[in-house]
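Everything below concerns the one structure shown next.
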Amino acid sequence: MTENNLQKNNFEDILFPHWDDLPNFDLYMDQVVEYINAVLTPLELPTVTSTMINNYVKKKMIIAPVKKRYQTLQIADILIISLLKPIFSLDQIRAAIDQITANDYPKNAFNSFVDTLLGYFKNPTNIPSEGASIETQLMQSAASVLFHKLEAEKSLALLQQKHPIKEVPTTK
């Protein structure tokens with residue numbers, strides 16, 4: 001990348017699991033937290049805590065665990081919520097998940113979103129498909145917003161590293 005782009009953003013090196021890559025056995029809370037945070041760490045997104053997950057269950061953002069064990073669907077939902085929470089409200093995220101999965105299996109919808117997001121990571125000039133369904137357009141838009149937010153945060157961090165500002169004077 002050129003000086004104007006600061007340096008290579010390394011998004012194309014990021015891997016994100018598809019449905020079949022998610023654990024196919026039930027996990028306890030501490031295992032879920034560890035797994036989710038391992039997936040999110042390369043994206044430098046906020047860590048997920050057991051309290052957050054418990055709140056998602058209380059708010060019916062995800063279905064309650066069975067015998068304190070979380071299954072693939074819940075893990076997929078937690079990943080999507082964790083990705084989109086910095087840019088959308090929890091109600092908007094749940095509504096989007098419900099709308100997209102109303103006409104598609106959660107596995108297909110999850111994989112489609114992951115493919116769309118990875119497409120932006122590999123080719124930031126990805127143009128949404130003309131004539132795509134409204135569900136596909138929603139996924140493309142959400143992936144685009146997420147990608148551009150991550151890109152802007154990385155650019156800001158690089159600028160701050162390159163040109164640190166000691167202290168900004170304040171007036172009273």
Only pairs under 3.5 Å count here: list side-chain donor-acceptor contacts from residues 41-59, not counting sequence neighbours, and write none if there are none.
residue : atom : partner : partner atom : Å
Thr41   : OG1  : Asn37   : O            : 2.5
Thr49   : OG1  : Met52   : N            : 3.1
Asn54   : ND2  : Ser50   : O            : 3.3
Asn55   : ND2  : Thr51   : O            : 3.4

_Using modelled atom types and a 3.5 Å cut-off, is there a donor and acceptor pairing between side-chain atoms of Thr101 and backbone atoms of Asp104?_
no
*asked:* One pair to check against side chain to side chain contact (heavy atoms under 4.5 Å, CB included): Ile134 and Gln99. What are the steps and the verdict?
replied: CA-CA 10 Å; Ile134 192 74; Gln99 287 295 320; over 6 Å; no
*Are Trp19 and Phe25 connected in a single hydrophobic cluster, I mean Ile/Leu/Val/Met/Phe/Trp/Tyr linked by side-chain heavy atoms less than 4.5 Å apart?*
yes
*Is any side-chain heavy atom of Ile97 closer than 4.5 Å to a side-chain heavy atom of Ile93?*
yes
_Just verifying a value: how many Å separate Phe113 CZ and Gln140 CD, rounded to the nearest 0.5 Å?_
11.0 Å
*Shortest non-hydrogen separation from Ile87 to Ala142 and the atoms involved*: CD1-O, 4.3 Å
*asked:* Looking at Ser144, is its backbone amide N or carbonyl O close enough to the side chain of His148 to form a donor-acceptor pair, meaning the two atoms are under 3.5 Å apart?
replied: yes
*asked:* I need the Met29 CE to Gln31 CD distance, nearest 0.5 Å.
replied: 11.5 Å
*Stepwise, does the side chain to side chain contact (heavy atoms under 4.5 Å, CB included) test hold for Tyr120 with Leu146?*
CA-CA 9 Å; Tyr120 276 101; Leu146 176 60; over 6 Å; no
*Side chain to side chain, His18 and Asp21, heavy atoms closer than 4.5 Å*: yes
*Could you tell me the separation between the NE2 atom of His163 and the CD1 atom of Ile165, rounded to the nearest 0.5 Å?*
9.5 Å
_Quick check against the 3.5 Å criterion: does Thr116 have a side-chain atom that pairs as donor or acceptor with the backbone of Ser112?_
yes
*Distance (rounded to the nearest 0.5 Å) between Lys122 NZ and Leu117 CG*: 10.0 Å
Which pairs of donor and acceptor atoms, one on a side chain in residues 60-86, lie under 3.5 Å apart (sequence neighbours left out)?
residue : atom : partner : partner atom : Å
Arg69   : NE   : Tyr28   : OH           : 3.0
Arg69   : NH2  : Tyr28   : OH           : 2.7
Thr72   : OG1  : Pro23   : O            : 3.0
Gln74   : OE1  : Gln71   : N            : 2.5
Gln74   : NE2  : Ile63   : O            : 3.0
Gln74   : NE2  : Ala64   : O            : 3.0
Asp77   : OD2  : Arg94   : NH1          : 3.4
Ser82   : OG   : Ile78   : O            : 2.7

_Is any side-chain heavy atom of Phe121 closer than 4.5 Å to one of Leu150?_
yes
